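A quick note: this is a predicted structure, and the numbers were derived from the prediction, not measured. A note on names: the letters A, B, ... follow the listed sequences, proteins ahead of strands, and every chain is numbered from 1.
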Protein chains: 2
Amino acid sequence: MDLADESGIDSVTMRELGRRLGVEAASLYNHVAGKDDLLNGMADLAAAEIELPSSDADWKAAMRRRAVSARGVFLQHRWAAGLMDSREWSGPYSLSYADRVLGALIQAGFSPGIASWAFIVLDSYIYGFERQRSNFSQTDDADTLEVARDVLAAIPQGTHPSLAAVAMEYADKPYDEAAAFEFGLDLILDGLERWLAADSPTRP
Amino acid sequence: MDLADESGIDSVTMRELGRRLGVEAASLYNHVAGKDDLLNGMADLAAAEIELPSSDADWKAAMRRRAVSARGVFLQHRWAAGLMDSREWSGPYSLSYADRVLGALIQAGFSPGIASWAFIVLDSYIYGFERQRSNFSQTDDADTLEVARDVLAAIPQGTHPSLAAVAMEYADKPYDEAAAFEFGLDLILDGLERWLAADSPTRP
DNA sequence: ACCTGAACACCGTTCAAGT
DNA sequence: ACCTGAACACCGTTCAAGT
C-alpha cells in the first residue's frame, strides 16, 4: 500500500514489491497466492480504513459520515476506489463494512431488499465520483483552471456552446470538489429519507 | 471492440488484435499512437453509442433516457464503463455527449455551475453502478441466487446478521438489476427537480 | 518454512529493413 | 504509405535447488 501510495498502482509489480522488501519476486508467492490475491488484500485493507457507521439512531448522519470518510480514504489511497469496485468484496473488512451499513439502514426502517438497493446506490455514487474525479485532477488539487483552459482549447471553435460555458465558469474560480460530492450525496440521502417517510407508514 | 466484446478487455492485446486483423502487432503503430490511444478511441466510440438527450422541454425524461441508454451500452460492451471512467473524455463523441447533456440541463434552468455538478453526479452514479454490477454478475444474468448462497457460505456463523438477512432475501427471488438502477436514478433526478423548483424562483 | 535463480510464456514498443 | 522481423525491457508465475 505504501508503494501504491507513493508510485501509483501501476508500479505495484511483483518484482518491484520484492525489491522494496529486499527479496526476490518469486519469494512473494510464499505469502500470497498471486497478484490477484495481493490486490484483493489491499482493497480489503483500504476498506478497513473507512469509518463504519455507528449504531446511532440517526442513520442519515451515519451514512453521510461514512461517505465522507470513504472519500477521505480515496484521497489518501488514490488506487483504492479503482481496486475496490472492480473486484469481489469478499475480504473480512469488506464483509463487516457491508454488514454494518446494511444494519444501519435496516434499523432505520428500510426493508432488507430496499436496504440493499440503498447500499448499492450510495456506493455506486461514492466509488463512481472518485473515479470520475481522478480523471481531470489526477495530479493534485486546484489545477482545474488549467483543465478548463485545456477543454476550451480542445473544443472546435463555435461548436459545443454549453461545454464552453461551463469551462468558462471554471476558468476563473476553482472547482470545489468536496461541495460537488456532497451535493450529490445529499440528493441521494434526502431522496432515501423521503422514500422512508412515504413508505414506512404503510408497512411498519 | 468486437474482440473486447467477445473475449474481454484483457484479451485486447496488440499482438492479439494484430492476429485478428491478419497483421503483425508492430503494424498497428502505423494507425494508432499506442495502446492508450487505441483504448481512448474505443471509449469514445462506446460513448457514441449512448443516446444523446433530445432538446425536448422535458429535461428529466431526457436525462432518464440517456442514463438507461448508457446502461444498455454497458450491457453490450461490458468493458466500456471501466474504460470510459478511467481516462480522459477528450474524444469527439465524448465532447458532444458532454455538451448535449450540459445543454439540456442549462436549458432546464440550472446555472452552468450546478449543471456541471448535476452532470458529474449523474455520471458518477451511472458508471459506478455498472462497475459494482460487474462484480457479482459478471457472467450472465440471474445467477444472483448462487451469489447469495456463496455470500451466506462465506459469512462466519452468527456474525454479520444484516448481511445474512439480505442474502437470504435474494436466495429465493432474483435480483432485479434494472429496478435497482432506476431506483437510484430516480432518487437523483427527483432531487434535482426539487432543487430546481426551490431555487429557480429566487434566481430566474 | 522460506528464499533463490533460472526459465517460460507473455506484454508494449521501437526500428531498421523491406515492398 | 504500410508491413515485417527481430529485438528490448518489462510482466506474472513456476519450479527445482538450496538453507
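Nearest-nucleotide positions on DNA chain D for A:Ala33 and A:Arg19 put A:Arg19 closer to the 5' end.
Of the possible donor and acceptor atoms, one in the side chain of B:Tyr125 sits under 3.5 Å from a partner among the backbone N and O of B:Phe181. The main-chain N or O of A:Asp186 is never found under 3.5 Å from a side-chain atom of A:Lys60 such that the two would form a donor-acceptor pair. For the pair B:Asp37 (side chain) and B:Val32 (backbone), a donor-acceptor distance under 3.5 Å is absent. Here the side chain of A:Asp44 pairs a donor or acceptor atom with the backbone of A:Ser94 at under 3.5 angstrom. A distance-only check finds a donor-acceptor pair linking the side chain of B:Ser111 to the backbone of B:Ile114 [under 3.5 Å].
Note: CG (B:Asn30) to P (C:dT14) measures 12 Å, nearest angstrom. Rounded to an integer number of Å, the gap from A:Leu38 CG to D:dT13 C1' is 14 Å. We find that CG of A:Leu39 is positioned 12 Å from C1' of D:dG12, with the value rounded to whole Å. D:dC11 atom C1' lies 12 Å from atom CG of A:Asp10, rounded to whole Å. Residue B:Leu21 contributes atom CG, which lies 10 Å from atom P of D:dC3 at whole-angstrom precision. Taking atom OH of A:Tyr29 as the reference point, atom P of D:dA16 lies 17 Å away to the nearest angstrom. One atom, CG of A:Leu28, and another, C1' of D:dC11, lie 14 Å apart when rounded to the nearest Å. Rounded to an integer number of Å, the gap from CG of A:Asp36 to P of D:dC11 is 17 Å.
Exactly one of A:Arg66, A:Arg64, A:Arg100, A:Arg65 qualifies for a salt bridge (charged side-chain N to carboxylate O under 4.0 Å, His left out) with A:Glu51. That residue is A:Arg65. Evaluated for a salt bridge (charged side-chain N to carboxylate O under 4.0 Å, His left out) with B:Arg71, the options B:Glu49, B:Glu130, B:Glu177 yield exactly one hit, B:Glu177.
Considering only the side chain of A:Ala26, C:dG5 comes nearest among D:dT4, C:dG5, D:dC2. Side-chain proximity of B:Met14 to C:dG12, C:dC3, D:dT13: nearest is C:dG12. Counting only heavy atoms from C-beta on, A:Arg15 has its side chain closest to C:dA7 among C:dT4, C:dC15, C:dA7. Side-chain proximity of A:Glu24 to D:dG12, C:dT13, C:dG5: nearest is C:dG5. Taking the side chain of A:His31 as heavy atoms from C-beta on, and the options C:dC3, D:dC3, D:dT13, the nearest nucleotide is C:dC3.
Nearest heavy atoms, B:Ala180 versus A:Val121: O-CG2, 4.1 Å.
Across all strands shown, B:Thr13 has heavy atoms under 4.0 Å from sugar-phosphate atoms exclusively, and none from any base.
Nucleotide D:dG12 is matched to C:dC8 when pairs are restricted to Watson-Crick or G-U wobble geometry with both distances under 3.5 angstrom. In this structure, C:dC3 forms no base pair with any nucleotide, since neither Watson-Crick nor G-U wobble geometry is met with both distances under 3.5 Å. D:dA17 is unpaired under the Watson-Crick or G-U wobble criterion, no partner having all donor-acceptor distances under 3.5 Å.
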Scan nucleotides 17-19 of chain C against the protein and return all N/O pairs shorter than 3.5 Å with their distances rounded to 0.1 Å.
none

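Taking only side-chain nitrogens and oxygens, A:Ser27 comes nearer than 4.0 Å to OP1 or OP2 of C:dT4.
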